[in-house]
Structures are given as structure tokens and as C-alpha cells.
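Read the structure below first, then the notes.
Order of the sequence lines fixes the chain letters, A, B, ..., with proteins taken first and strands second; residue numbering starts at 1 for each chain.
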Amino acid sequence: MPFRGFELHIPAPERRPGERPSFDHLKIPPAGATPRPSPSTPAHELRELPYGLARVLDDAGNAVGPWKPDIDPETLRRGLKAMLLTRIFDERLFRAHRQGKTSFYMKSTGEEAVSTAQSLLLGASDMCFPTYRVLGWLMARDYPLTDLVNQIYSNARDPLRGRQLPILYSARDYGFYSISGNLGTRFAHAVGWAMASAYRGDSNIALGYIGEGSTAEGDFHETLTFASVYHAPCILCITNNQWAISSYSGIAGADETTFAAKAIGYGLPGLRVDGNDFLAVWAATQWSIERAQAGLGATLIEFFTYRMEGHSTSDDPTRYRPSDEPVEWPLGDPIERLRQHLTLIAEWDDARHAALVADLSEQVSAAVKDAEAVGTLGKSKPPVTEMFEGVFSRPDWRLIEQRREAGAE
Amino acid sequence: MPFRGFELHIPAPERRPGERPSFDHLKIPPAGATPRPSPSTPAHELRELPYGLARVLDDAGNAVGPWKPDIDPETLRRGLKAMLLTRIFDERLFRAHRQGKTSFYMKSTGEEAVSTAQSLLLGASDMCFPTYRVLGWLMARDYPLTDLVNQIYSNARDPLRGRQLPILYSARDYGFYSISGNLGTRFAHAVGWAMASAYRGDSNIALGYIGEGSTAEGDFHETLTFASVYHAPCILCITNNQWAISSYSGIAGADETTFAAKAIGYGLPGLRVDGNDFLAVWAATQWSIERAQAGLGATLIEFFTYRMEGHSTSDDPTRYRPSDEPVEWPLGDPIERLRQHLTLIAEWDDARHAALVADLSEQVSAAVKDAEAVGTLGKSKPPVTEMFEGVFSRPDWRLIEQRREAGAE
Amino acid sequence: MPEKGTAANSSMSMIQALNSALDTMLGQDPDTLIFGQDIGYFGGVFRVTEGLQAKHGAKRCFDAPIAESAIIGAAIGMAAYGLRPVVEIQFADYILPAFDQLVSEAARLRYRSGGQFWAPITVRTPYGGGIFGGQTHSQSPEALFAHVTGLKTVIPSNPYDAKGLLIASIEDEDPVIFLEPKRIYNGPFDGRPDVALKSWAGHPLAEVPAGHYTVPLGQAAIRREGNDVTVLAYGTMVHVAAAGIEQSGIDAELIDLRSIVPLDIETIVESVKKTGRCVILHEATRFSGFGAELSALVQERCFYHLEAPIERVCGWDTPYPHAFEWDYFPGPGRLAAALARVMEPA
Amino acid sequence: MPEKGTAANSSMSMIQALNSALDTMLGQDPDTLIFGQDIGYFGGVFRVTEGLQAKHGAKRCFDAPIAESAIIGAAIGMAAYGLRPVVEIQFADYILPAFDQLVSEAARLRYRSGGQFWAPITVRTPYGGGIFGGQTHSQSPEALFAHVTGLKTVIPSNPYDAKGLLIASIEDEDPVIFLEPKRIYNGPFDGRPDVALKSWAGHPLAEVPAGHYTVPLGQAAIRREGNDVTVLAYGTMVHVAAAGIEQSGIDAELIDLRSIVPLDIETIVESVKKTGRCVILHEATRFSGFGAELSALVQERCFYHLEAPIERVCGWDTPYPHAFEWDYFPGPGRLAAALARVMEPA
Ligand SMILES: Cc1ncc(C[n+]2csc(CCOP(=O)(O)OP(=O)(O)O)c2C)c(N)n1
Ligand SMILES: Cc1ncc(C[n+]2csc(CCOP(=O)(O)OP(=O)(O)O)c2C)c(N)n1
Ligand SMILES: [Mg+2]
Ligand SMILES: [Mg+2]
């Protein structure tokens, strides 16, 4: 057959609005099916890992299989609480945006297991390099809720002095690096930070986050190269929530292979993990820590999860995906799954759950109230002098003159 | 054992100047040992390919094994001639630099098989996106030698109008895209060009080159993502010549895995090929073309080769590697290996070889002489008006005024 | 320029005018294609490409990975093949990962290849502040492009120009950075946040002809004639300038540059020679901003006509701060004050 | 400033002075480390780091992958940890792949994090022309950095300053772009290619003290006092300016800016108020170059003292062309002509 010319392939998702959602193309192994090699296994023996899916919680809520971690119920309850708090806070502050109290908001609904489990597992002197979708990290470490709301309102008490878009937090004392709007850039900072830890002979680990869409950035690759070449003690996490604004994961390459498989090209282990399974997230992170501590350097983890809500307050997801996709997502809701497990092992019940929800809702309302007493966006702000501070360690004549010109002295 | 802290790993090559070279860490399979799957094999069944090494010519010069291509002796002789011409030209023009006739030169010594085989195999309307080390492409297509030298001398007949550093050629009519000094950027152009071919329904293939050191650039990754996502009809080639100026390939990750393995993370096939074996280069390229024509998109090929000389006229390689590394390189000299094969199959002999060398040397000398008659760097140059042309499609007032100010009218 | 007010004209927002330009070019030139993040099925985060995939097909209008360098890089390769790619960078703040492709490749290709290859690409990107977008959805990077020889930089201030300039950019043989002032996508904004928002409807420059027309690159427009001082502005700032001039009560001439490369130096010089004074207005940070080049050029060419120092009214030399949107954004009050200063007797 | 001519001083080239600065800092501060392409075992393509790996160990001085964005990105992460990384970008032309890390991260980190994190990194890179390096080994990108608030940009013109400014940069709490004028690495060059090359030996500013000293950022140096016109220059151009002034026979004051951010505005303004005239000299392309900012500032602050237009003598607005090195490079002749022009009676 003579060759007749090429055709440009434009990937498209299985289903669009108006169609029934379908997840048939996802091959999801049952909980317990994916083996757990010893963390000290050399990377070249781990090349099948990225094609499995480490899962612990089965459909009934049992913890099963080789990845089953050893976590006490108290810690599980702390995880549940942090996830719930994240969910409730997100709901409440999303509403605050709709009420005109701030300019922007983003939820992490459906993805809370990843950041909360990792936050609880990592140490106080470790550092996470967050995306905008890992609020759970701060919730798990009891960051003051009012400070979050003050930041979201850019009001006079905003810890970031009114300089940053809502939710692009920074919380050094909580092991939470400064977020920025541009994607991917901080991934390299995580590796640099980890290299510094190793340079000093410290035992601190860096944990980097990136969205599956953002793995396409050049910075992702350069970061992995550095992590691999210098054996940096870090855990690099891809939160594959299937969507990047309106683009399904296939636009970032998901139809061709897994995101975890990107590890192979750097000689790193690539784990693929049920990101809606608190116990699996815990176990995979634990495995990566042990690996780093054994002198084996970095691990790449793909957390397979789902963005249950819109990208941000700026988009309506039903314009680009079937409206019932979120409820049909085969890996469920991470909060319900942990709750089910805790209930099953008789460490939780509906009454306690209801009480917890009520208590957390109360806390969130109180925080919002406190922050609103200070002021919402435009109603209250830090002194205008703050606009000119922190550009440099000390302002130069330009900033001093301009501060004067702006009447901010 | 309590964990005592991390240590920063700084990779270092096996041997440095003053030491005996060693290649024991390289696992080189014998010719014929690496299997050749059908080009229509799905990529996920090809994940072991990057760990083999496709070789055809054995130590005695026999063509063996599954990758053995079907090439007529006349074509092999054309390849030998193009390689020899490249080698002789490089020697001569390197000397011209030492004689002060130009500012800069770079050789491709030891790597001639890659570009010459691919140039002969690809079609007239295909396009290669070269690095500075694939002069063989032009030699195999009979690009006028005098034009090369005129470019190197930036003289009045320079086809690039004196605007570009020596050897950063551009030769559209020979399927050779414009080179630039910055590394990695043109890799993405190759994929864009291939996408355009597919967009139009044409059958033209793009061939991109990148050095193993430059694979660390973000552009490498973004290019592979595009190639994979849009199934672009292109062949992306890493020439792993073991060195990036003074940095051994381990600085780019070679101690962790192969460069071909990087394909896996994009769901692309990754071939690893003896780059000093003209027949293996041919076979691997042929395989990739067939694959693209079967609608299977891009292939990544790592050509395992060796930079036998310094990086450029600006460095002395004996300052950073054992001086006898080049002669000890286990995969030999591509010219000698093809010559040996042709001789073995009775299609070549020493007399013909000597005659060819004499003839090519004569051609090169004639070209150099012609170009020197026009002038060497600084002795002849295009009219100064050329400095102001080609910045835009038509010069704006700034360039017109400045041309006047420069007295170039 | 087609006649205004004919049946074919209709009042469009800048979004609609840009959409119409793309639709026109996709319709008439099979070599034009567009891609960028979220621009396909979804129609772009600002809806500029809405409906274009459905109408022209996925191969003509498609989503791209979050890889700005490869978006520009692939576009250059396509352009070298003979296509006319138009790409969208979601926010101008996110063009920086592709800065090397723009500077070292797109801007240099024709020159270094002796004219064998060139890159007629158009890079559309929303820019500028006034939308509470915070540090990375508000910046104005035009000076960075202006310094890079080989690039053209175009900035419309109204729907009519937006369509005509975008078509001219796509048809141009050089790489064009097309900066879209997002604050005025849906209506003119004069820098007074307290005043009720207007839409484009009814604005004379929102009368946009159907079909193909161009506004040539490099021709400024005099938006208001005046005798006492020349105000140079572009994008959103054209509207702020008009308000500032009104507020000042000074008889200023307002020039909308429309493209900063190529720059319509003649119109500028002629005006300043007439008025003897000049104030420059832009959103970008002042230091080494494009206002510096304008100031230097005017000073060089009109020195003996100048009756007062040229002033620059710009964004402060700080990152773009979320809470301080209106303290940062150069509004009509700051311009009016500058106009008053330059009119003071020496 | 340590006394000149003491036993501890020795005549050094700029390469040696930079090496001495790095050696000094590696010796006294365990938090300082350096990395970059080919800087480890090999000692760098210009030999600036020669011997430092052998002396201080591979963990203090090591090779980096060809990944400029990660070089800067990793340095930022290290700095956030508490180290003081000094990285080398092999040529300033190759800093562009890392431009986003510099602009969006290094320059913004302190501001956006409310002071929780900051990035005291130093990015050394050879820049400028005069070496037949062609388009991508000759460029002068300083204006791109100057426009980015949050970055400091330092440019030495001699060995003494090179060492003192580099140590000051490393010790500075902000990110510093340290541009090394490669044409004068091994000897001063006054722009006349026909004149025999000089080495630094014997030059008074090549007397470099051993050990630690700093030249503070933001303090210009008056290299020649004069009354008739002020010449502003930095890097290699300081030497070209001196030659051009001599050639012109005009009594010019020559200011070596030493850092463009922070800029020593006082010294500039004081000088121009005295002389009434100003000529700016730089290698970078003129349009929207740093000369524009200097021109605008001088015009704004010295308007009523100016007796002639401020002139800019710069690289042409073309890419850097290999064959035309000396047609492109702004030499003393072009400066002398500009000086003569500004001295003409109006
Ligand atoms: C460099 C850069 N390019 C584009 C954008 C615009 N943008 C913001 S979020 C987003 C999608 C990110 O998707 P993903 O990485 O999957 O993260 P998710 O939002 O799903 O958590 C895009 C394109 C940006 N912020 N930065
Ligand atoms: C973006 C960029 N960074 C750095 C350099 C400087 N440089 C020129 S060649 C080279 C080494 C390239 O090594 P490799 O990719 O292995 O190619 P090879 O020279 O071995 O063919 C370097 C670092 C450059 N030209 N461009
Ligand atoms: Mg996502
Ligand atoms: Mg190499």
C-alpha cells in the first residue's frame, strides 16, 4: 500500500457535556493487587511500578494488601478531620467569593487525601513546595483559619501584606513554601532545597507538588534531571486530577502512558497511587521517605485522583465535561472512603462524624467572622506602604521616591 | 540504625587525565544481539528496547542480526565517501582556524555515521533540524564545499551574509534547517514542522538532533510531549557522544539510565543504537520512518557514539579526560568500520580508498583555495548594508536611520 | 477601511472582535491554525476562541499542553513549513517560559538563516492589570519585547483596532506579539473603579465590519487633538488618558500608539513639536519600561521644542500587588497631576 | 577599601580577581557553594573557577546539567534553605531559558511571601561583544533585567571592582545578576581592534587585595573628571569611553555606573547638572535598552540644566553579526562624534 501522507492527531476526551461519563478506558486494579517492592530495591528493578496502582482501601472499606500501612486510629482521625476541614473551608470561602468578598478562590475538593496524609507524615522541618490545591497540608498542621481568611480577603491582617492573590499562601513555620500563580517553577526549588539539606548533611526532606497538566512544562523535566543526577532527598508528587482547567489529561500525554512512567527516563522509581485513598497515600509517601533515607534519592509519585469541582471561581466545568463525571468517578470520595474504613474498624461512627462536621463548620464560620470584622477585599487592606516593602531587602531610592509620590508615608 | 542525614551526590566520570581510560561500566552487547521488533509494534510493548543496543557490524566487519538493513554497495560507498569528506573537511578547516583564518570551528569526528546515513536515507523534502555536529548531512547531499568555507570565513560570498558564527549553517534546499548557538530550542521546531506536514496531509518527515548534554534542557521534554500528544511524524535523535564540553554524560543523567529510556515516559519507542555503525544507524532510521508511515508517530533514538576530538577550537580535551580515551573507545571509528565491511564484502579495497581520500582532499583544498581567494575572516565581508537586512521582512525607520548613521548606504 | 455604519458592521466587544478576526482568517486561509491552552472545545478562558473549534474543526483550533516554550517553538516550526500559526498564551505573565524561543529563535530566524527561513507567527496574549489578578495575572511585559530586535509588538485599545490589527499581524511576515489589554475586553475602562462599568455597545470604535480588513502595523491614531501637551499611551491607558485629560482641563493631544514596534515616530515627533510638552502613560513598572524609550526618543528629536521635562506616569517599581490594585494602577488622577505639572511655568 | 600596593595586593586579570572572590567566599563561608556548566573539574570555559573544585571539594564547586532554568531554580531552593549559591550561566545569551525563574521566582519571592522566603543568589555570566562570538555569544541583556523589579544587576569594569562587587553581590540579601564583560577578562580594551592588545598587568585597577573586601552595590565611580559633558558607561564601554573622550579632546566627565540596579542616581545628576550635557554608551541594542532609562532619568532630573540633547551611542538594532564585529561594536570614534555633536552650539 503506497503511503498517502500523515494526519494530525488531536486528542479528545472520551466524553463531553451532554454525554454519559465513561471511565472504561481506565484500568483500575483492585485494592491490594499492586505489589510493594522493598524501598531499597534498585530503581532499574522497579520499571513496572508505574503501570500498577497502589491501593489499600477496598470498596468495602477494608485496608488490604502489601501497601497497607501501620497507622494508629488517632492519626487516621486526624486525617479525616483535616480533610473535612479542608472541604468545609473550601465550600465556605467559595461562597464568600460568590458574595463578592474576594476576587478569586480555588477548591481542592476530591483531592484532600494527598496533602493531609503527607502533611501528617512529614516532619516539622521538612518542607513542602505546594500547588494551589494542597490546602490540606495547612489544615493538617492546624494553621490558624483566620489567617487563611485574612489572606483570602487581602485585608489589614493578611499575613502576606496584601501582596498576593487569594490562596497563594506562604507559611514557612508550617513547612509550606510560597505559592505563585505561575505553574511548575517551584518544582525546581524543591530539589534545590533538598540538595541544600544534603549539602549540609541534614535529614530534611523536600516534597514537591505539580499538577498533571503542568508536567508538560520544561521545569518538570529539568527538576527531575537534577533530582536524579544529584540524588536529592525529595519526593516529587504529580497530582493527576484528570483535568487542567478545561483540558483533559490526554492533552498532557495521558493517552500515551502514565505520568508515573516519566520517572523511568531519569532512572527514578515511579509510583502510581490511588490518590483518593488516605492509606495508600500514606504508604507510598512512607516508602519514598525510607528510600531517601537509605541514600537512594528521589521518588516520583503520581497520585491518581479527580478534581470534583471547577478549576477555580472563574470556570464552569459543565461547559467542558459531563456534569455527572464527578459522582461517577470510580475511585470515590477520599473523605467517604476514610470514614467508611474508620467506621468499619469501629473507630468512628455517624454521630461522631456529625459532631465533627458541626464543630469544624463552627470553627470555619468563626474564622470567617473574625476576618470579616477586619474587612473583606477592598474594605480593608494593609497600609499602602506595604506595597513598597519587600521588593528588595531595603528599598532603593526609586521605591522611596515612589512611596512618597503615592502619598504613602 | 538511626538515620544520620543525607549526603549530596556529585557524579564524576570513571577516569580523569593522567589515568588509564576505562569503559568497563558500559555494557555493550555484541552485534546482532538486540532484537528488532516489527515497526508496527505498539509502544508499550517496546519498553525494553532502550536498554539494548542495536548493532549490525561485528568486530570483523560482518553485517549480522535482525537489524541488518538491505543497502546496496553503491549507497554504502556514498556513505563512506560522505563520512570521509566530513572528516577531511573538519581537519582542514580546524587547521584554518589555527592559522587565524576564522574565529571558531567544531568537528564531528567520530560521529560521521549518524548524519551521513540519515541524510542519504531521508527524502529531499524531509527536513533535518541539525546541531552543529551533523555536517555529514550536507556532505552526503553534495552541498557545495566552497559555500561551506565562505560561511566559515564570513566572507563576501558567505551564503548567510556574514551574520552567523562559523559552521552554524542553514541550507533549506538541502533539507537542513538553520542552526543557532543556543542549545535545544530547534528540537521543538522539528515537531512543529512535522505537525505542519501532518496538518497538510503531506508525507514529509522531520528529523531533530540534540546532544546528550542538551537533553537536560526543558525544551527537550516539551518537544517530546508535543511529539507524543499530537503523534507528530518525526524522528528525534540524541547523539550521545559521551561529552558535553568538559562534562561527561553522567552530568546529564547517564549514570542513572540510558537516554533512550526517556522515550518511555511519553509512551514513545526509544531505540538505542550503535552510532558508529553506519548500517545500524540506517536500519534504526528506516524502522522509525516505517513506524511514522504506519501512523504511529514519533520515535526517539539514542545514538551511542563518541566525540573523538575537543568540543570546539576553544578547548583542550586532555584537560578533562584521559588523552587516550578516544582511541580506546570500544565502538571504534565509524569510517574504519564501514570501510572494513565494504572490503569484507569485496566492494572496496585499499587502493580505491587511497584514491578516494586523495580525491576528497583535493576537493577540500580546492574549495578552501576558492574561498580564500574571496577572503578569510576580516579580510573580506559582505557589504555592511547586510548587517541591517533581514532583521524584519522590511527594515523600519530605526534600521534605515542606523544604516545611514553607520555610513552603510 | 470599510465604511462605518454599513449593514455589515455590528457593535462588538473586543472579545468578539478578536474572535471575528480569527474566524475570518481561519475561513479564508487554510494555512492559518490556532492553538493554545484551553482554546479548543472550551473556547479559551476569556472566550476569545469560542465556537471556532466547532466551526473550523479540531485540526484548525486545538488545545495545547501547559508548555509555553513548545507552544511557541512548535509554532515556529510550523511557520518554517509554510503555515501561519496563531497561538494563545493564557496570560502574558506566562509567556516568560517561552522567552528564549521568542528572542533566540522567532526574532532571529530570518536574519541568521540569510532569509532562508522565517517565522510569521502571531502570539496573542491577554495582558495588563485592573482586574484584581494579583502578581501573575496583571503584568505588562511590553518593554521586554520592544528591546528584542526582530519582534513586533502590537497593542489594540478598542474592538475595531483589535480585529484590524490582529488580521494585519497574522498576515505580517514577521513574528508579532499581540498584547490584548484584558481590562477592556468587555468594555472601555477609564481607570476610575468607582464609576459604573460600561460595555462596548454604542462606542464608535466598537463598530466592527464583518469580514476582512486590516489596521496597518506602525500607524498611531490621534484620539484627541490638542495644542498644549502630547500624551502617549496604548491599550487600556488610552481610555485612562482620555479621562485624565478631561479631568485636567488641559488641551492635550492624545496619541494611541497601537503598535510599539514598529513605532510611528513621525506622528509622535510632529505632535510634540507642536505642543512642546509630553507625558507618557503606561501600566508597566517605570524603570527601564517602554516609557523610557519614548522619553528618550522624544527628547532626542524634539529637544529644542520642549518647554518642560517629559514625564512618565507608570506602574510603580514593585510587583503587582493584589490589595493595592487602585493604588498601583496609574489612574486619571495621576495623569491629570502630571499634566498640570508640565503646564506650570518653569 | 584596603590600601593599594601593600604586600597583600597583586596584579590580577579580571578572571583572576573573580576567581579570588569566589575562593575567598568559599573559604570563609560554608554556606557558599558554586555550580554551573563546566565549572567543576574543568574550571569553566573562561577559567574563572579554575582550581576551586580541587581546593574546596566537589560539593562546593560542581558541574551542572545543561538546564539553565533548573540551575537558577535549584539555586533559589538552596537559598530558601539558607545557603548562598553562586551559579554560572556559561554565556549571558543562555540565561534566557531561565528568565522565568529569575523574573517570576527569584525577583518576587520575598515580596509575595511577605518576607518569609527570599533568594540571595548570585548569577554570574559573561556578556558582551568584541570577541567575534557571533549572535549568541555577544549579547548584552542588561535592560531585560533592569526592568524586572526585585533583581539587582551589577557590571564591573576592572579587576579591583570585579572582586569587590562580586563579594558584595554574594553577601547581598537580594538576587544579583552579575554580568562579566568578557572582552576585558584578560585586559582592558578600548574599542580599537587595530591597537595592540594590553593585559591587565600594571593597570592601577588591577591591583587586587588578597582576602575579603567589598565594593558596595549602587555606587558609581567617576573615572575621569570633566566639565563639559557627562559620559555614562559600564563594563567594557568604560574603557571605550575613555578612549573616545581622549580622541574627542573634549573635557568630559566619565562615570562608570558599576551597578545599574541599584543605580547611583545622585552621582549622575550631580555631574550632568555641572556639565549640562550627557552621552550614554552601551553595547546593547539601542531601542528600549538601558540607555533609554538613563536618558529619561537625566532628562527628568536635569531638564533645566541641559544645553543639548542627551545622546545614546549603542549597538545597532540588529542581532549581533559575526562578520561586522567592528561595524556593530560602538567604538571610540562613534562616541567622539557624539561628543562633538553635543558640544556644537545650538
Ligand atoms: C506557566 C503557566 N501557564 C499557564 C497558566 C494558567 N493556568 C493556571 S492553572 C492551569 C491548569 C493547571 O492544571 P494542572 O497542572 O493539572 O493543575 P490542577 O489545576 O488540575 O491542579 C493553567 C493552564 C499558569 N498559571 N502558569
Ligand atoms: C542554552 C545553552 N546553554 C549552554 C550553552 C553552551 N554550550 C555550548 S555547546 C555545550 C555542550 C553541549 O553538549 P551536548 O549537548 O552533549 O552536544 P555535543 O557538543 O556533545 O555535540 C554547551 C554547554 C549553549 N550553547 N546554549
Ligand atoms: Mg490537573
Ligand atoms: Mg555530547
> chain D: which of B:Arg319, B:Arg16, B:Arg161 shares the most heavy-atom pairs with it under 4.5 Å?
Replying inline: B:Arg16
> Taking B:Ala408, B:Gly250, B:Pro166, B:Gly378 one by one, which has the highest count of heavy-atom pairs under 4.5 Å against chain D?
Replying inline: B:Pro166
>> Between B:Glu401 and D:Arg286, does any side-chain N to carboxylate O distance fall below 4.0 Å?
In response: no
> Taking all atoms of both residues into account, what is the closest heavy-atom pair of D:Thr136 and B:Ser180, and its distance?
Replying inline: CG2-OG, 3.8 Å
> chain D heavy atoms under 4.5 Å from B:Arg398: which part of the residue, side chain, backbone, both or neither?
Replying inline: side chain
> Any side-chain heavy-atom pair from D:Phe62 and B:Leu8 closer than 4.5 angstrom?
Replying inline: yes
>> At a 4.5 Å cut-off on heavy atoms, which part of B:Ile251 comes close to chain D: side chain, backbone, both, or neither?
In response: both
> Do you know which of D:Ile131, D:Asp63, D:Asp93 has the most heavy-atom pairs with chain B at a distance under 4.5 angstrom?
Replying inline: D:Asp63
> Does a donor on one side chain sit under 3.5 Å from an acceptor on the other, for D:Asp38 and B:Ser247?
Replying inline: yes
>> Let's test your reading of the structure: which of B:Phe220, B:Phe388, B:Phe392, B:Tyr153 forms the most heavy-atom pairs below 4.5 Å with chain D?
In response: B:Phe388
>> So for B:Ile245, is it side chain, backbone, both, or neither that comes closer than 4.5 Å to the heavy atoms of chain D?
In response: both
> Taking the inter-plane angle between the rings of D:His137 and B:Phe104 on a 0 to 90° scale, is it parallel (under 30°), tilted (30 to 60°) or perpendicular (over 60°)?
Replying inline: tilted
> Is the ring centre of D:Phe42 less than 6.0 Å from the ring centre of B:Tyr320?
Replying inline: yes
> Checking side-chain contact (heavy atoms from CB on, under 4.5 Å) for the pair B:Glu405/D:Trp316: CA distance, chi angles, key distance, verdict?
Replying inline: CA-CA 10 Å; B:Glu405 204 180 326; D:Trp316 310 118; 3.9 Å; yes
>> For a 4.5 angstrom cut-off between non-hydrogen side-chain atoms, does B:Gln164 reach D:Gln135?
In response: yes
>> Looking only at heavy atoms and a cut-off of under 4.5 Å, which of D:Ala58, D:Ser69, D:Gly134 has the most pairs with chain B?
In response: D:Ala58
>> Less than 4.0 angstrom from a charged side-chain N to a carboxylate O is my criterion; do B:Lys381 and D:Glu325 meet it?
In response: no
